[in-house]
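Note sheet for the following structure.
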Amino acid sequence: MSGEGRRGAEAKAKPGRRDELRKLWDAHLRPRAERNPAHELYLYCYDDAEPNTVRLIEVYADRDSLQANAGADWFADYIRESAPLLDGAPEFATAIPVWAKGFEL
């Protein structure tokens, strides 16, 4: 794994709607991540302390693949479709891992 493109995201669902957000993600984004060889690692996590928060960690083979997904029409469609379930806009950030267990940098 090269991990040249990395992104994290946090989304807050409206109270009680986190599972609906997950179903939408399962239907639209999960299949794309499963089929995309450039997606080297993808973690979809429920925040343990905040019952309406979802955290994502994505590692791509290269930055171009990350940017292609982030700018894709289908991703924009997903963001629009998920908006009624969200309590505000998702926050995205990129980071450079400097150490990892179970993931080769």
Side-chain angles (χ1 to χ4, degrees):
M1 288 190 218
S2 60
E4 290 299 315
R6 295 141 318 253
R7 179 168 65 172
E10 176 182 299
K12 294 186 186 284
K14 290 180 179 173
R17 309 229 30 210
R18 184 170 71 174
D19 288 339
E20 290 178 70
L21 186 61
R22 165 75 190 276
K23 286 179 185 174
L24 188 63
W25 178 86
D26 279 339
H28 295 282
L29 298 188
R30 180 179 176 171
R32 291 181 183 279
E34 289 174 333
R35 289 190 311 262
N36 185 349
H39 248 133
E40 296 183 336
L41 176 68
Y42 198 127
L43 302 173
Y44 186 100
C45 307
Y46 281 175
D47 188 292
D48 197 32
E50 297 180 30
N52 298 310
T53 299
V54 173
R55 298 185 191 281
L56 306 174
I57 298 170
E58 299 175 276
V59 178
Y60 291 83
D62 54 70
R63 289 181 188 269
D64 290 341
S65 295
L66 183 155
Q67 291 171 345
N69 270 4
D73 290 340
W74 56 262
F75 185 70
D77 292 343
Y78 167 77
I79 293 296
R80 273 192 299 281
E81 196 171 334
S82 66
L85 303 174
L86 295 174
D87 189 11
E91 295 181 23
F92 297 94
T94 57
I96 300 169
V98 293
W99 183 87
K101 179 179 177 179
F103 177 77
E104 185 178 322
L105 296 176

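For the pair R22 and Y44, the cation-pi criterion (under 6.0 Å, within 45° of the ring axis) is fulfilled.
L85 and L24 make their closest contact through CD1-CD2, 4.3 Å (heavy atoms, listed as atom of the first residue, atom of the second, distance). Of all heavy-atom pairs between L86 and A11, the closest is CD2-CB, 4.0 Å. Considering all non-hydrogen atoms of both residues, D26 and P31 come closest at O-CD, 3.1 Å.
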Please walk me through it: do V54 and Y46 pass side chain to side chain contact (heavy atoms under 4.5 Å, CB included)? CA-CA 5 Å; V54 173; Y46 281 175; 4.2 Å; yes
Could you walk me through whether R63 and R6 pass the side chain to side chain contact (heavy atoms under 4.5 Å, CB included) check? CA-CA 8 Å; R63 289 181 188 269; R6 295 141 318 253; 3.4 Å; yes
Determine, step by step, whether R80 and D77 satisfy the salt bridge (charged side-chain N to carboxylate O under 4.0 Å, His left out) criterion, reporting the C-alpha distance in whole Å, the side-chain angles of both residues, the deciding distance to 0.1 Å, and the verdict. CA-CA 5 Å; R80 273 192 299 281; D77 292 343; 2.3 Å; yes
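A side-chain hydrogen bond (donor to acceptor under 3.5 Å, both in side chains) with E20 is found for exactly one of K23, R17, R18, namely R17.
Put simply, OH on Y42 and CG on L29 are 5.0 Å apart, with the number rounded to the nearest 0.5 Å. Note that CD of E58 and OG of S65 are 11.5 Å apart. Values are rounded to the nearest 0.5 Å. Summarising the geometry, atom CG belonging to D47 is positioned 4.5 Å from atom CD belonging to E50; distances are rounded to the nearest 0.5 Å. Atom OH of Y60 sits about 4.0 Å away from atom CG of N69, to the nearest 0.5 Å.
Both L21 and W25 belong to a common hydrophobic cluster when Ile, Leu, Val, Met, Phe, Trp and Tyr are linked at side-chain heavy-atom distances under 4.5 angstrom. Both L56 and W74 sit in one connected hydrophobic cluster of ILVMFWY residues. Membership requires side-chain heavy atoms under 4.5 Å apart, directly or through other members. Hydrophobic cluster membership differs between L66 and I79, with clusters built from Ile, Leu, Val, Met, Phe, Trp and Tyr side chains linked at under 4.5 angstrom.
Residues that satisfy the salt bridge (charged side-chain N to carboxylate O under 4.0 Å, His left out) test with E10, not counting sequence neighbours, are K12, R55.
Ring pair F75/F92 is perpendicular by interplanar angle, where above 60° counts as perpendicular and below 30° as parallel.
For K14, the NZ atom is densely surrounded, since the number of other residues' heavy atoms within 6.0 Å is greater than 12.
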